[in-house]
Amino acid sequence: QVQLVESGGRLVQAGDSLRLSCVASERTFNNYIVGWFRQAPGKEREFVGAISWTGLRRDYADSVKGRVGISRDNGKNTVYLLMNMLKPEDSAVYYCAAMNTDWGQADHRVPYTYNFWGQGTQVTVSS
């Protein structure tokens with residue numbers, strides 16, 4: 001059972017940058033695809049981006065493409081989400097999720113394909 005813990009969320013101003021971290025409890029996490037999702041009040045959970053276990057494959061939602069980057073440090077069992085030029089509409093609880101699947105074998109943009117989830121970290125962007 002992989003446990004994920006997100007951190008780094010806070011109140012920022014529009015235009016700021018923020019880096020979120022997702023730390024896993026086990027080194028087997030290094031073989032997992034990791035996705036980032038977000039959920040604003042009253043809205044469905046939304047795909048933000050995903051990274052393959054090698055770090056060589058990445059995918060981003062159109063709504064954030066060009067403003068975010070995902071990276072991972074397998075030596076630290078950690079995946080990062082760097083967000084730039086933040087907008088008020090980026091405000092949400094951000095979740096990381098992991099699945100033990102090869103890239104392309106499952107739809108990494110869909111929440112239910114992930115086996116493990118963190119508890120989320122709140123990002124609030126003021127205008």
Side-chain angles (χ1 to χ4, degrees):
Q1 185 82 2
V2 177
Q3 295 182 341
L4 306 176
V5 178
E6 302 96 334
S7 63
R10 60 185 177 91
L11 173 63
V12 296
Q13 294 186 338
D16 284 352
S17 297
L18 194 62
R19 189 180 77 166
L20 307 182
S21 300
C22 172
V23 180
S25 59
E26 299 183 11
R27 291 192 63 82
T28 53
F29 172 78
N30 299 335
N31 296 325
Y32 287 34
I33 292 172
V34 175
W36 283 96
F37 293 80
R38 65 186 182 185
Q39 189 166 19
K43 295 187 176 181
E44 294 187 352
R45 193 162 296 190
E46 175 189 22
F47 171 74
V48 176
I51 187 168
S52 65
W53 71 270
T54 61
L56 297 178
R57 302 281 192 104
R58 296 177 179 85
D59 184 34
Y60 301 104
D62 289 343
S63 59
V64 299
K65 194 172 293 183
R67 296 192 297 119
V68 305
I70 297 179
S71 61
R72 67 190 301 163
D73 184 341
N74 287 341
K76 296 181 179 180
N77 296 355
T78 303
V79 173
Y80 304 99
L81 174 67
L82 176 63
M83 300 185 289
N84 299 308
M85 297 300 294
L86 283 162
K87 306 174 182 179
E89 50 264 44
D90 293 320
S91 297
V93 177
Y94 282 72
Y95 300 90
C96 67
M99 60 173 165
N100 186 10
T101 308
D102 290 337
W103 190 269
Q105 296 300 307
D107 190 345
H108 54 261
R109 290 181 168 229
V110 177
Y112 69 74
T113 60
Y114 289 83
N115 307 105
F116 306 103
W117 287 84
Q119 83 291 344
T121 185
Q122 177 71 50
V123 174
T124 304
V125 184
S126 64
S127 58

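Remember, predicted model here, so these are calculated numbers, not experimental data. Because only heavy atoms are used, hydrogens play no part in the values below, and waters and symmetry mates are left out as well, while side chains stay in.
Contact of the V34 side chain with the R72 side chain is registered, since non-hydrogen atoms from C-beta on lie closer than 4.5 Å. Using a 4.5 Å heavy-atom cutoff, the side chains of Q39 and Y94 are not in contact. The side-chain heavy atoms of D16 and V125, taken from C-beta on, include no pair separated by under 4.5 Å. You'll find the side chain of F116 stays beyond 4.5 Å of the side chain of C96, heavy atoms only. Contact annotation: the side chain of S63 approaches that of E46 to within less than 4.5 Å [non-hydrogen atoms, C-beta and beyond]. Side chains of L81 and V68 form a contact here, defined as non-hydrogen atoms less than 4.5 Å apart.
At least one donor-acceptor pair closer than 3.5 Å links the side chain of T121 to the backbone N or O of G9. With S126 contributing its side chain and V12 its backbone, the two residues share a donor-acceptor pair below 3.5 Å. Looking only at distances, a side-chain donor or acceptor of Q119 sits under 3.5 Å from a matching main-chain atom of E6.
Pairs engaging residues 117-127 under the salt bridge (Lys or Arg N to Asp or Glu O under 4.0 Å) rule: none recorded [sequence neighbours left out]. Sorted by first and then second residue, the salt bridge (Lys or Arg N to Asp or Glu O under 4.0 Å) pairs involving residues 83-93 (not counting sequence neighbours) are R38-D90, R67-D90. For the salt bridge (Lys or Arg N to Asp or Glu O under 4.0 Å) condition, no pair includes a residue of residues 115-127, sequence neighbours left out. Applying the salt bridge (Lys or Arg N to Asp or Glu O under 4.0 Å) definition to pairs two or more places apart or across chains, those involving residues 99-126 are D59-R109.
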Exercise. Could you walk me through whether S17 and N84 pass side-chain hydrogen bond (donor to acceptor under 3.5 Å, both in side chains), step by step?
Key: CA-CA 4 Å; S17 297; N84 299 308; 2.8 Å; yes

Quiz item: After noting the C-alpha distance and the side-chain angles of L4 and V2, does the key distance pass the side-chain contact (heavy atoms from CB on, under 4.5 Å) rule?
Solution: CA-CA 6 Å; L4 306 176; V2 177; 3.7 Å; yes

Practice problem: Walk me through it: do R10 and V123 pass the test side-chain contact (heavy atoms from CB on, under 4.5 Å)? | Solution: CA-CA 5 Å; R10 60 185 177 91; V123 174; over 6 Å; no

Exercise. Give the C-alpha distance, both sets of side-chain angles, the deciding distance and a yes or no for side-chain contact (heavy atoms from CB on, under 4.5 Å) between Q3 and V23.
Key: CA-CA 8 Å; Q3 295 182 341; V23 180; over 6 Å; no

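Summarising the geometry of A14 relative to P88, their closest heavy-atom pair is CB-CD, 4.2 Å, with the distance given to 0.1 Å.
Here the straight-line distance linking atom CG of N77 with atom OG of S21 works out to 12.5 Å at 0.5 Å rounding. Between the CG atom in N74 and the CG atom in N31 there is a gap of 8.0 Å [rounded to 0.5 Å].
No chain of hydrophobic side-chain contacts below 4.5 Å, direct or via other Ile, Leu, Val, Met, Phe, Trp or Tyr residues, connects Y80 to Y32.
Residue K65 qualifies as enclosed at atom NZ: its count of foreign heavy atoms under 6.0 Å is above 12. Heavy-atom contacts from other residues, nucleotides or ligands closer than 6.0 Å to CD of Q13 number 12 or fewer.
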Side-chain donor-acceptor pairs under 3.5 Å in residues 49-57, sequence neighbours left out?
unit_1	atom_1	unit_2	atom_2	d
S52	OG	T54	OG1	3.1
S52	OG	G55	N	3.3
S52	OG	L56	N	3.4
S52	OG	R57	N	3.0
T54	OG1	L56	N	3.1

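Alongside F37, the hydrophobic cluster contains I33, F47, V93, Y95, M99, W103, Y114, W117 (criterion: ILVMFWY side chains under 4.5 Å).
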